[in-house]
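Residue numbers start at 1 and run along the sequence shown.
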Amino acid sequence: MQTSSRFASLLAIGLFPVLVHAQLRGTLATSDAAVDLEAGEKAPQLLRLLPASEPPWVNTIPEKLPTAIERNGKRIPLQWRLMRRLSSVRPGRVAFVYESRQPHLRLTWEWRARATFGPLEHRVIVENLSGSEYWLAPMDSLDLQLLVPAETRLVHFYVDKGGGEPTAVGTHEVSASEGYRWTGWSTTFSHPVPGRPREIIPYEAIFLPRKDGRGWYAGIEFSGRTRLTLRRAGERLSSTLGLDPEPGPVVTRLAPRGKFETPMVFLGSFSVGPDGAGNQLRPWVRAVLGSAHTWSNPDYPLTVNNSWGVGMDISEAVARKMIADAAALGFEMYHLDAGWFRGVGDWYPDPHKFPHGLVPMAEDAHEHGMKFGIWVDWAQAGLDSEPGGLNLRDPKVRDWLVADVAPNWKPQDFKGQTIDLGVPAAKAYAQGEVNRLVRDYHLDMLEHDGYLVAQGCMRGDHPHAAPDPRRTSVEHYEGEDIVTSSNSTDVSYHAVHAYYGIYEELRRLHPQLLLEICNDGGRMVDFGSAAHGDYFSITDTYTPLANRRAFYDASFVLPPAMLEAYEAKWPTPRSANFLYMLRSGMMGWLTVMQNTNEWTAEQHAAARKAIALYKARLRPLIREAELFHISRRPDGVHWDGMEYWDPARGQGVIFAFRGSALSEPQHRFVLSGLDAQTTYHLHFAGRTSPDTAISGQQLMTSGLQVVLREPLSSELIFLSEHRPKSLN
Ligand SMILES: [Zn+2]
């Protein structure tokens, strides 16, 4: 966390509105970034992003305020006027307010600094102060057009979501030269769209490929249909972030006295390349977006045993055995995965598998000193007709569906038909249902899976815009009809707000509750979910390699503690392979998706030791330390590794993984973030090398040599600063 006060003077300026040539101006700053803002008479403008560097990030265009609004299909031009008395420039918040007289609308252009460090946040709120309904074309959240000399070399950095399985590349570092054109998309669905690359975590960074690696980054705090663009032409570098305008025309309802908000974006300034950006952004996500309750628990991230190791064969007797063994191994939570319920939309315990319900399971876990959580897909309707089940033949429920289903329709094992949470009655049902599950089953954790947020909706009588039949396509994907239409972005806008509202209320009622974000694995990994849940399932492929790849990618932008790896059963003929499998999930949140009762006595002993080490030494670093990607992205063949370094405590660890190649018994990891003048003690946890002391200079130039005799094995190397006795 940076504490420099480089911008103290700017912050002081930011305390007062400054009148320059009758213009209202303000500066908003953290220790890492600042923005100069100006309120023009007709539109506001971000003038530049600081710190000033080469190139200076000067923005050349004012904000594009909506030029028109619709009523009954008629276009009404808008004239915006700056409202000086309503505008404010204060420490932590700058708001320039504009109004339109006819119709009476108020637009607030807001910038915030919610922490003393890290990025600044921005959004636009359009309020309808009139008594009539209007339709508005949503504006972008951020629209930059920066002056950049044509000869300046720039690198564009972005990362894919882990989705069902991590992509081959995952982490992209692309030269953004003349003519560069890029679009990245994020939705809650992330299914493969022909002609489109894998969805990204809605974030991008631009930096200079020099030693200091200076640049800027931006991201979107929203889970709906969003997109980012980057274009380079001549001396212009342009970028837009916001709701996806395709397929268009996208319009959203402005109800009488209602409002529209652009998804919040953050904009930051950094040095030292993508890891430099990450070491600033990750603590900011924790401090600003994360749950204070969750982070105040020193046991977060937890170590978890998940029931999917036995799949659908779960039952009370099996769960009790798993809980007892998991507790003996040192796991801290038992996670009951799919297979426990009566049916889709019917989230009550299967009476054959759990004749006494789930409370005895929760109590059993609690008596073993563990927490208890369950899997649920709470936005799905099915056909069960028992009391409590959400039956889509019920006319009330049918009105909430995103589309009618065929007369012979049947749900799949875990998927039914999605209800549109943007419908107030559907939201109220879901709110009641998640609260009932947590309260009645004594839950410490609720995992949601499946497509909670509708991708599209065919209804014309929901709060969102009606679909345009001429701009509608239906795709059949994994048993579900995926509707995409001109209203899809607006459908997601309403459903995501409802989803956030449901989880905000659930957290208010149950502050200690942990919320796992899963959507067929890592399809909902974004900064809006990060603000409403506690950890992410980062991919739906549970091998050591897939987990390390998904972790490598997502850990550039999100706190490692929030990144969950499910480690499933995997061939471990040798004990070194077993540790390799476990440690592949130990760089963040570890969930072991295996029936540990099947493990040998030797594996039990190894796992018990590894989990104890995780709690004692790895977890504090995963929570607090800086993170450095010290290898290429894992490929399972060559070596890969990750470095944690906590400068405050003078402690760190290197995760070293040897791949399958027989020809590579050793590897040198060049470390980062250390002090060249300091000597570091190195302790090899697996005794693969004797303990030693090496200078920071050497570790950061020639590197740290690790030797492992067996392919598919691993080592943890703990670093500590050698401090002179007088300072101890
Ligand atoms: Zn709908």
Open item on the list: Under the criterion ring pair (Phe, Tyr, Trp, His ring centres under 6.0 Å), I'd like the reasoning laid out for Y217 against F157: C-alpha separation, chi angles, the key distance, then a yes or no.
Closed with: CA-CA 9 Å; Y217 64 81; F157 178 91; over 10 Å; no
- [ ] I would like to know whether T240 and T229 meet side chain to side chain donor-acceptor pair (under 3.5 Å); could you show each step before the answer?
- [x] CA-CA 5 Å; T240 53; T229 67; 2.4 Å; yes
- [ ] Report the C-alpha distance between W378 and Y503 in whole Å, list the side-chain angles of each, state the deciding distance to 0.1 Å, and finish with yes or no for ring pair (Phe, Tyr, Trp, His ring centres under 6.0 Å).
- [x] CA-CA 12 Å; W378 50 258; Y503 268 21; 5.7 Å; yes
Task: Trace of the side-chain contact (heavy atoms from CB on, under 4.5 Å) decision for L228 with I200 - done: CA-CA 9 Å; L228 296 81; I200 59 162; 3.9 Å; yes
Open item on the list: For a side-chain contact (heavy atoms from CB on, under 4.5 Å) check, start with the C-alpha distance between V397 and Y429, then their side-chain angles and the critical distance, and finish with the verdict.
Closed with: CA-CA 10 Å; V397 178; Y429 152 79; over 6 Å; no
Task: Audit row: Y451, V402, side-chain contact (heavy atoms from CB on, under 4.5 Å) steps and yes/no - done: CA-CA 12 Å; Y451 305 105; V402 294; over 6 Å; no
TODO: Report the C-alpha separation of T226 and D244 in whole Å, then their side-chain angles, then the decisive distance to 0.1 Å, and conclude whether the side-chain contact (heavy atoms from CB on, under 4.5 Å) test is met.
DONE: CA-CA 5 Å; T226 58; D244 189 354; 5.8 Å; no
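Looking at T418 and Q380, their side chains do bring a donor and an acceptor atom within 3.5 Å of each other. When only modelled atom types and interatomic distance are considered, S223 and T188 share no side-chain donor-acceptor pair under 3.5 Å. For the 3.5 Å distance criterion, the side chains of T252 and D490 qualify, holding a donor opposite an acceptor. Under the 3.5 Å distance criterion, with hydrogens and angles disregarded, a donor-acceptor pair is assigned to the side chains of T187 and E199. For T27 and D36, the side-chain atoms include at least one donor-acceptor pair closer than 3.5 Å. Side-chain N/O atoms of Q417 and W409 include no donor and acceptor closer than 3.5 Å.
Ring orientation note: the planes of H122 and W111 are close to parallel, at an angle under 30° on the 30°/60° scale. Using a 30° and 60° split on the angle between ring planes, Y203 and F266 fall in the tilted class, from 30° to 60°. Between Y500 and H497, the ring planes are perpendicular. Angles over 60° get that label, and only those under 30° would be called parallel. Between H156 and W182, the ring planes are perpendicular. Angles over 60° get that label, and only those under 30° would be called parallel.
Smallest separation of non-hydrogen atoms from T108 and A95: CG2-CB, 4.0 Å. Taking each heavy atom of I69 and W135 in turn, the nearest pair found is CG1-O, 3.2 Å. Considering all non-hydrogen atoms of both residues, I61 and N59 come closest at O-ND2, 3.4 Å. The nearest pair of heavy atoms linking Q45 to T60 is NE2-C, 3.6 Å. The nearest pair of heavy atoms linking F189 to R523 is O-CD, 3.3 Å. Shown here for F527 and V557, the closest heavy-atom pair between the two residues is CE2-O, 3.7 Å.
Taking the ring centroids of F96 and W80, they lie at or beyond the 6.0 Å cut-off.
Here the side chains of R459 and L401 are in contact, with some heavy-atom distance below 4.5 Å. Between V474 and M458, every side-chain heavy-atom pair lies at or beyond the 4.5 Å cut-off. Under the 4.5 Å side-chain criterion, counting only non-hydrogen atoms from C-beta, I517 is in contact with H448. Put simply, the side chain of D420 reaches to within 4.5 Å of the side chain of H464, judged on heavy atoms.
With a 6.0 Å radius and a threshold of 12 heavy atoms from other residues, nucleotides or ligands, E505 has its CD atom above the threshold. Counting non-hydrogen atoms of other residues, nucleotides and ligands closer than 6.0 Å to CZ of R470 gives a total of 12 or fewer. When the shell of 6.0 Å around CZ of R436 is examined, it contains more than 12 heavy atoms from other residues, nucleotides or ligands.
Taking 4.0 Å as the cut-off between side-chain N and carboxylate O, R227 and D140 count as a salt-bridged pair. Using a cut-off of 4.0 Å between Lys/Arg side-chain N and Asp/Glu carboxylate O, E121 and R123 are scored as not salt-bridged. Looking at R106 and E99, a side-chain N of the basic residue comes within less than 4.0 Å of a carboxylate O on the acidic one, giving a salt bridge.
In this structure, CE in M264 is found 11.5 Å from CZ in F222, a value given to the nearest 0.5 Å. Within the model, atoms CG of L254 and OG of S132 stand 11.5 Å from one another, a figure rounded to the nearest 0.5 Å.
A search for salt bridge (Lys or Arg N to Asp or Glu O under 4.0 Å) contacts involving E204 returns nothing, not counting sequence neighbours. Taking the side-chain hydrogen bond (donor to acceptor under 3.5 Å, both in side chains) definition, one finds that S291 meets it with T294, sequence neighbours left out.
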